[in-house]
There are 2 protein chains.
Amino acid sequence: MFDSQSTPPRSERRDAAENRQRILDAALRLFEQQGVEQVSMNQIAAEAQIGPGTLYRRYRNKAELCTDLMKENIILLFDNIEAYLNDNKPEPAIERLKGILNLFIRFREKKSQLLAGVEESTTTNRSRSRTHGPLYLELHQLLVDLFDEMADSGKARPNSVFKADMLLMALSSDSYSFQRTERGYSPELFLEQICLTFDLNV
Amino acid sequence: MFDSQSTPPRSERRDAAENRQRILDAALRLFEQQGVEQVSMNQIAAEAQIGPGTLYRRYRNKAELCTDLMKENIILLFDNIEAYLNDNKPEPAIERLKGILNLFIRFREKKSQLLAGVEESTTTNRSRSRTHGPLYLELHQLLVDLFDEMADSGKARPNSVFKADMLLMALSSDSYSFQRTERGYSPELFLEQICLTFDLNV
DNA sequence: ATGATAAACGGAGACATCTCCGCTTGTCAA
DNA sequence: TTGACAAGCGGAGATGTCTCCGTTTATCAT
């Protein structure tokens, strides 16, 4: 699912592989020192001792780089979710949904900076990086399935795709960090409010 | 409410006023020709025949410039809303809320480009232009009041401030244009889905 | 009028994004 | 091996954002 660029069709050239690693190392180093936000593509190229062109050949923007850096963590997140879902099969869909939201919010807390980097969408970028990344798509599908399951044994069915879109919007870096910092919500209170607002209660 | 920079404390210098007009004219011209997105601050400065420094002195970024260009339209929007609220005092709060959402969506349709410009928030910009502009704040207050009114005569009360934040998030340029273009919703269907999702029904 | 003063100007320049294209280098078939 | 060639490299440069600061200019009290 997430190996689309780490395992290209036919073997990566040796020098290219080395540069990839240099980039990843350099980025991680700089991100730790100065914060994701503050580091420019230029700096990363310099730190990795490659030209800007080489960097941009591989990653069209910082968001893609961050996504690559997060790959492992994203896989872990989905492993967690899968395990959670397996352990809680008998729970009602709504309960499992809450569980997933909880896992995602913890994930967001732990990796807030890089995750913000992943979702960063400079208006200049033609493609909607946020909504088209694997993280979004995968989560979206998960939510849609749960909403559909809830609707099956329920009454009226709001369009699950739309509902999932709105929920992910509400959980976006932008929204979440606004609520955390400006409105002063804790992760727990935030989740509670989300449940109230999106009608996710027993 | 919106005259904070068009009527400064003590009279604007004559040359400054002239430049302001040159900027506004130039921006409008270029925006029409090439689309808001495509026009750079540089181009605007050149077209207005002023230095970049002069442009940035007045508008810290394109979003501020767009806000200024939208001032009249924003005032008109709120006039419309006020009129609507006056004409529909007896309607239940939920009905009035829908009316407002409808007005806002029409507004968004009519001025989509400039409005996207207003909400543009390059991640580099420290200040959250979207959530701190007068448009957001005013709308937010309106929504909060209506939610509070609904809660008065209702049962449980989700935090109105939070709910309003989420609703505005859902109505943001990002979210709206995604639903319009990628999900293929018409303005009417979008509104309907919003009502379903946020539990705004008779 | 005129001079003091603060506001406004403008453009050089620091730094960022992103592309283009000639050069280099790994790879694989022969 | 080796040679052809696609893949990869790199840095100059186009364009953009945004700031700094020496210079100009409008305004107002005198």
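The chains referred to below are lettered A, B, ... by the order of the sequence lines, with proteins before strands, and numbering in each begins at 1. These numbers come from the heavy atoms of this one structure, side chains and all, not from hydrogens, waters or symmetry mates.
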| field | Rounded distance in Å - CD (B:Gln34) to P (D:dT15) | value | 13 Å
| message | Check this one for me: any side-chain N or O of A:Arg14 less than 4.0 Å away from OP1 or OP2 of C:dT27? | response | yes
| Short side-chain N/O contact from B:Asn61 to OP1 or OP2 of D:dT17, under 4.0 Å | no
| request: Any chance you could lay out the salt bridge (Lys or Arg N to Asp or Glu O under 4.0 Å) test for B:Asp174 and A:Arg130, step after step, and finish with the verdict? | output: CA-CA 10 Å; B:Asp174 226 30; A:Arg130 184 171 49 74; 2.8 Å; yes
| said: On the side chain of B:Arg13, is there an atom forming a donor-acceptor pair with the base of C:dA7 - under 3.5 Å, no angle test? | reply: yes
| task | Rounded off to whole Å, could you give me the CG-to-P distance for the B:Asn19 and C:dG11 pair? | result | 12 Å
| Among B:Lys89, B:Glu149, B:Met150, side chain to side chain contact (heavy atoms under 4.5 Å, CB included) partner for B:Arg96 | B:Glu149
| said: Distance check needed: C:dG10 P versus B:Ile44 CD1, whole Å only. | reply: 16 Å
| message | Looking only at the side chain of A:Pro52 (C-beta and beyond, no hydrogens), which of the listed nucleotides D:dA26, D:dT19, C:dC18 gets closest? | response | C:dC18
| Spacing of A:Arg58 atom CZ relative to C:dT17 atom C1', expressed in whole Å | 19 Å
| query | Looking at B:Thr54, does any N or O in its side chain come under 4.0 Å of the phosphate oxygens OP1/OP2 on C:dA8? | reply | no
| field | Interatomic distance where CD belongs to A:Glu120 and C1' belongs to C:dT17 [whole Å] | value | 11 Å
| Whole Å only: how far is the CG atom of B:Asn42 from the P atom of C:dG10? | 14 Å
| field | Nearest-nucleotide 5' precedence on DNA chain D, B:Asp15 against B:Val39 | value | B:Val39
| said: Need to verify one output field. Residue with the more 5' nearest nucleotide on DNA chain D, A:Ala17 or B:Lys62? | reply: A:Ala17
| Would you say the side-chain atoms of B:Gln21 and B:Asp25 include a donor-acceptor pair closer than 3.5 Å? | yes
| field | Protein-nucleotide distance (B:Arg22, atom CZ; C:dG10, atom P), rounded to Å | value | 8 Å
| Among C:dT25, D:dT25, D:dT17, which nucleotide sits nearest the side chain of B:Tyr56? | D:dT17
| field | Which nucleotide in D:dG16, D:dG8, C:dT17 has an atom nearest any side-chain atom of B:Ser40 | value | D:dG16
| To the nearest angstrom, how far is B:Glu64 atom CD from D:dC18 atom P? | 10 Å
| field | Working for salt bridge (Lys or Arg N to Asp or Glu O under 4.0 Å), residues A:Lys98 and A:Glu91 | value | CA-CA 11 Å; A:Lys98 280 189 198 175; A:Glu91 294 290 328; over 6 Å; no
| request: Choose from C:dA8, C:dT17, D:dC9 the nucleotide whose nearest atom is closest to any side-chain atom of B:Ala16. | output: C:dA8
| said: Of the options C:dT17, D:dG16, C:dC9, whose atoms approach the side-chain atoms of B:Gln43 most closely? | reply: D:dG16
| field | side chain to side chain donor-acceptor pair (under 3.5 Å) against A:Glu32, all qualifying residues, sequence neighbours excluded | value | none
